[in-house]
Amino acid sequence: MAPRTNGRGVQVEDTKICVVMVGLPARGKSYIAQKAQRYLQWLSIDAKTFNVGNYRRTDAPQPSADFFDIGNTEGERRRRAAAEAAIADMLAWFKQGGVIGILDATNSTKERRKWVMDVCTREGIEVLFVESKCDNEEMIMANIRDVKTTSPDYKGQDPEKAALDFRNRIKNYEKVYKTIDGDGDESDYTYLKIMDVGSQVIINRIQDYLQSRVVYYLMNLHIRPRSVWLSRHGESLYNLNGKIGGDADLSPRGHQYAQKLPELVRQSVGGDRPLTVWTSTLKRTIATARFLPENYNQLQWKALDELDAGLCDGMTYQEIKDQYPEDFIARDEDKYNYRYRGGESYRDVVIRLEPIIMELERSEDILIVTHQAILRCIYAYFMKKDQAKSPWMNVPLHCLIKLTPRAYGTDEERWQADIPAVSTWRAKGSTAKHEDPTGTA
Ligand SMILES: O=P(O)(O)OC[C@H]1O[C@@](CO)(OP(=O)(O)O)[C@@H](O)[C@@H]1O
């Protein structure tokens, strides 16, 4: 589409994209859809998933596998009606300003894909097909296990019967399923085809920046089991004094935490499996990671440095309130968007963390030793915390957090080191140097 100007002569993007999932059931389409939605929302790009199955489920009781047979005309009529309803809602959502709509369905025939393509093109919406093609039995089985325990279609049913029914449903789809093969009309389509969860990918006719961002992200996803460990640095001398920013050394208790960290990590890993360690380039995170075993690879990232407080760097919250009272109030009113004079906002931090998230998605087990604001942003990505709340989250010092991504969410465990530290958490409106977030002192 032609770019629009915003009145000040600056070109603004007017792209709207419908990401159309393609593939047989149990190929991880919903997983891909929800990951893409989360990634985009975290980057403040308005994205929403429209799951056709949910529309089908609202109008009738749970059907059996026969319902999905191509010869079942009533089934076909209802499945088509569900797709129409989902698309109608998506188009209405685009009109209200939505940017990336994700149509989560099998879209397994060329006819169905052409229909979606025509409807979207008429409305000026770009279409990006994302096909997950997988013949890996192990992965399909894992997905079936997951579906039969989590899908609303099989709620309360005998798991064995559910698995059998689901397998029959897949067989019915297999009768009509056509992969996007670049033949005929489809050779002009924009698509990403992911084979066996990333072992091979095919990309066709990617048109613009936003599409390429989505495609690059999806290419980096994997579903091998792994965890991400997060820790703040040990208590610093600045933390003790209630000062923000800076590049201070650890306090004596901070050093104790550094000595304790290898044991905490070993406990949470459940063995001697080495992790890769990422720190910031600031002294307090590097010092915190220095006793970790030598076979742990360590890497310093500038992108993991603490939120830059600009002119306020090195001040206490009380000093900021005294010297920049308006800024102090503005930050409390909208902490996510407030940008320190000459420094950064949480929104800025998310943008600079994007390559970290991309690299995390590509990687296996990683331990990140970083700072309060940075940890909040990374945590928010995995745990789907919204922007208004995440900058106010309490992330205690001397605590190791383990996040384990699963098919439909992320599990969290915490290990608190038995080493006291000040609290750097601050309530809205307060300038207290150290507060107790639980209120129990
Ligand atoms: O956004 P707020 O809540 O002010 O928290 C960020 C602050 O956390 C601090 C501690 O108060 O980070 P750090 O973990 O690096 O010590 C400050 O340096 C930083 O400005």
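Remember, it's 1-based here, ligands and their atoms both numbered in the order they're listed.
- Aromatic rings from Y340 and Y338 are positioned such that their centres are separated by under 6.0 Å.
- Of all the heavy atoms of K433, none lies under 4.0 Å from any atom of ligand 1, so neither backbone nor side chain is involved.
- The heavy atom nearest to atom 2 (P) of ligand 1, out of those in Y317, W392, W425, is found in Y317.
- For N239, every heavy-atom contact with ligand 1 shorter than 4.0 Å involves the side chain, none the backbone.
- Relative ring orientation between F129 and Y189 is described as parallel, the plane-to-plane angle staying below 30° on a 0-90° scale split at 30° and 60°.
- Looking at Q372 against ligand 1, both its backbone and its side chain come within 4.0 Å, counting heavy atoms.
- At a 4.0 Å heavy-atom cut-off, ligand 1 does not touch Y238 at all.
- When heavy-atom distances to ligand 1 are checked against a 4.0 Å cut-off, R426 has no atom that comes that close, whether in backbone or side chain.
- Note: Y257 and H398 have parallel aromatic rings, judged against thresholds of 30 and 60 degrees for the angle between ring planes.
- Where the criterion is an N or O separation shorter than 3.5 Å, residue side chain and backbone included, G245 meets it with respect to ligand 1.
- Remark: ligand 1 and R376 share an N or O pair separated by less than 3.5 Å (distance only, no angle test).
- Classification of the W42-Y381 ring pair by plane angle, with boundaries at 30° and 60°, yields perpendicular.
- Atoms of ligand 1 lying under 4.0 Å from at least one heavy atom of K335, given by number and element, are 1 (O), 2 (P), 3 (O).
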